[in-house]
**Q** 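This is the structure I want to talk about, given as structure tokens.
Quantities reported herein were computed from a predicted structural model and do not represent experimental measurements.
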Amino acid sequence: MNNFIERRLATNHRTLLFQRDGPETEMFGFECLDGWSDLIEGSLLLIQRYAELRALDVNISQAKEKFGQLRIYQRGGDASVGMALEITELVSGCVCELCSMPGEVMAFEGWLLARCEKHRGTQALEQIDPRIADQHYVASYARTVALILSFFGASAVHWVQQPSIAFAGRRPYEVLNTSEGCEAVYTLLKRLEYGVGV
């Protein structure tokens with residue numbers, strides 16, 4: 001991930017990314033590509049808000065690509081923090097790790113990569129236009145996953161993996177890769193919360 005994005009994440013989410021008792025210069029490097037930066041920021045925003053509300057001590061210790069998906073590891077927190085990160089892992093397989101457009105995990109030269117149709121077969125070292133953060137997606141993702149966790153509790157990760165007629169048979173995690181998809185999931189859950197038929 002480029003240094004500008006890492007610095008922005010470090011500035012906005014200092015309490016999660018730096019050890020309280022360690023030097024402020026000690027932060028791991030994000031071992032993934034820029035396309036996942038909005039997804040990472042949405043997850044950090046959600047966890048930071050959740051930790052502040054519940055006075056939890058949470059520290060993100062690593063974020064990296066593994067088998068075509070984003071893995072974020074934490075110390076501290078609780079089961080909800082763990083579930084939020086599991087949902088992020090699932091969603092990352094539907095986001096191009098190069099450009100952040102909708103994609104899927106595919107095999108390329110023996111590696112599993114999350115790519116959109118445009119970047120299918122593109123090497124990570126090839127030049128990709130610099131990204132500007134999509135703050136609407138970041139906020140929408142954080143708000144929607146928070147509602148999923150609140151609504152389904154311990155079953156949240158299970159629910160996002162189930163095909164839904166509300167999303168034409170797609171699984172909720174497959175639509176959480178865009179702002180529009182996040183809004184659709186959020187609206188569905190709000191309707192269910194108020195007893196309105198789908």
Side-chain angles (χ1 to χ4, degrees), residues 1-13 16-17 27-49 60 62-74 83-109 111-148 157 160-161 167-168 170-187:
M1 184 176 290
N2 81 49
N3 291 336
F4 175 77
I5 295 173
E6 284 192 356
R7 282 195 302 271
R8 187 185 77 235
L9 292 174
T11 299
N12 293 342
H13 304 287
L16 293 178
L17 298 175
M27 186 188 88
F28 63 90
F30 287 86
E31 300 171 51
C32 59
L33 300 174
D34 295 354
W36 283 337
S37 61
D38 292 339
L39 183 58
I40 291 170
E41 189 159 10
S43 299
L44 295 178
L45 178 62
L46 165 65
I47 293 167
Q48 187 169 301
R49 288 176 178 167
I60 303 299
Q62 188 177 32
K64 67 179 185 177
E65 180 276 331
K66 188 172 182 181
F67 301 120
Q69 291 181 308
L70 174 65
R71 308 289 171 91
I72 301 176
Y73 300 95
Q74 101 276 2
M83 288 187 292
L85 295 177
E86 283 185 65
I87 293 170
T88 296
E89 180 180 327
L90 291 167
V91 175
S92 69
C94 303
V95 176
C96 179
E97 59 188 317
L98 290 172
C99 70
S100 81
M101 295 301 291
E104 63 183 355
V105 175
M106 56 187 70
F108 178 68
E109 295 181 356
W111 297 94
L112 291 175
L113 308 170
R115 294 288 194 266
C116 63
E117 202 53 44
K118 177 182 175 184
H119 293 118
R120 178 183 292 271
T122 302
Q123 294 283 0
L125 299 177
E126 293 180 36
Q127 183 63 38
I128 302 294
D129 292 334
R131 300 194 64 257
I132 296 173
D134 181 350
Q135 292 303 322
H136 182 257
Y137 175 76
V138 169
S140 186
Y141 180 81
R143 171 178 93 138
T144 303
V145 175
L147 182 59
I148 292 169
V157 176
V160 299
Q161 296 180 78
F167 308 120
R170 296 173 70 198
R171 295 165 176 84
Y173 79 81
E174 294 172 319
V175 300
L176 289 171
N177 60 353
T178 63
S179 296
E180 297 78 18
C182 289
E183 294 300 325
V185 172
Y186 187 86
T187 301

**Q** Quick one: does Val95's side chain get under 4.5 Å of Asp38's, heavy atoms only?
**A** no

**Q** For Pro172 and Phe167, which heavy atoms make the closest approach, and how far apart are they?
**A** CG-CE1, 4.0 Å

**Q** Within the distance-only criterion (no hydrogens, no angle test), does the side chain of Thr187 pair as donor or acceptor with the backbone N or O of Ala184 below 3.5 angstrom?
**A** no

**Q** Take a 6.0 Å sphere around CE of Met1 and say whether it holds more than 12 heavy atoms from other residues, nucleotides or ligands.
**A** yes

**Q** For a quick test of reading the model, state the closest non-hydrogen atom pair linking Cys99 to Cys116 and the distance between them.
**A** SG-SG, 3.6 Å

**Q** With no hydrogens and no angle check, is any side-chain donor or acceptor of Gln161 less than 3.5 Å from a backbone partner on Val157?
**A** yes

**Q** Could you report the tightest heavy-atom contact between Pro102 and Asn177, atom names first, then the distance?
**A** CB-ND2, 3.5 Å

**Q** Listed by chain and number, what are the ring-ring contact (aromatic ring centres under 6.0 Å, His included) partners of Tyr137, not counting sequence neighbours?
**A** Tyr141

**Q** Between Leu9 and Ile40, does the side chain to side chain contact (heavy atoms under 4.5 Å, CB included) criterion hold? Intermediate values first, please.
**A** CA-CA 9 Å; Leu9 292 174; Ile40 291 170; 4.1 Å; yes

**Q** Rounded at 0.5 Å granularity, tell me how far CG in Leu90 sits from CG in Leu70.
**A** 11.0 Å

**Q** Would the number of heavy atoms belonging to other residues, nucleotides or ligands and lying under 6.0 Å from CZ of Arg49 be above 12?
**A** no

**Q** Are there more than 12 heavy atoms of other residues, nucleotides or ligands under 6.0 Å from atom CZ of Phe67?
**A** no

**Q** Taking everything shown except Phe4 itself, do over 12 heavy atoms lie less than 6.0 Å from its CZ?
**A** no

**Q** Could you check whether any side-chain heavy atom of Glu65 comes within less than 4.5 Å of a side-chain heavy atom of Glu31, counting everything from C-beta outward?
**A** no

**Q** Roughly how far, to the nearest 0.5 Å, is the NZ atom of Lys66 from the SG atom of Cys32?
**A** 14.5 Å

**Q** Relative to Phe108, does Arg115 satisfy both conditions: NZ or CZ under 6.0 angstrom from the six-membered ring centre, and within 45 degrees of the ring's axis?
**A** no

**Q** What heavy-atom pair brings Thr144 and Cys182 nearest, and what distance separates the two atoms?
**A** OG1-O, 3.1 Å

**Q** In Å and rounded to the nearest 0.5 Å, what is the CZ to CD distance from Arg8 to Glu6?
**A** 11.0 Å

**Q** Given side chains that start at C-beta, do those of Phe30 and Leu17 come closer than 4.5 Å, heavy atoms only?
**A** yes

**Q** Which heavy-atom pair separates Ser140 from Glu183 by the least distance, and what is that distance?
**A** OG-OE2, 2.8 Å

**Q** How about Leu44 and Ile60: do any of their side-chain heavy atoms sit closer than 4.5 Å?
**A** yes

**Q** Could you measure the distance from the CD atom of Gln74 to the OG atom of Ser43? Nearest 0.5 Å is fine.
**A** 11.5 Å

**Q** Taking atom CD of Glu104 and atom CG of Leu112, what is their separation to the nearest 0.5 Å?
**A** 11.5 Å

**Q** Would you say the side-chain atoms of Glu97 pair up with the backbone N or O of Trp36, donor to acceptor, closer than 3.5 Å?
**A** no

**Q** Once rounded to the nearest 0.5 Å, what's the spacing between atom CD1 of Ile47 and atom NE2 of His13?
**A** 10.0 Å

**Q** Just so I know, are the side chains of Asp134 and Ser179 near enough to count as touching, which here means a heavy-atom distance under 4.5 Å?
**A** yes

**Q** For the pair Asn2 (side chain) and Asp34 (backbone), establish whether a donor and an acceptor sit closer than 3.5 Å, ignoring hydrogens and angles.
**A** no

**Q** Can you name the nearest heavy-atom pair linking His119 to Cys96, along with the distance?
**A** ND1-SG, 3.8 Å

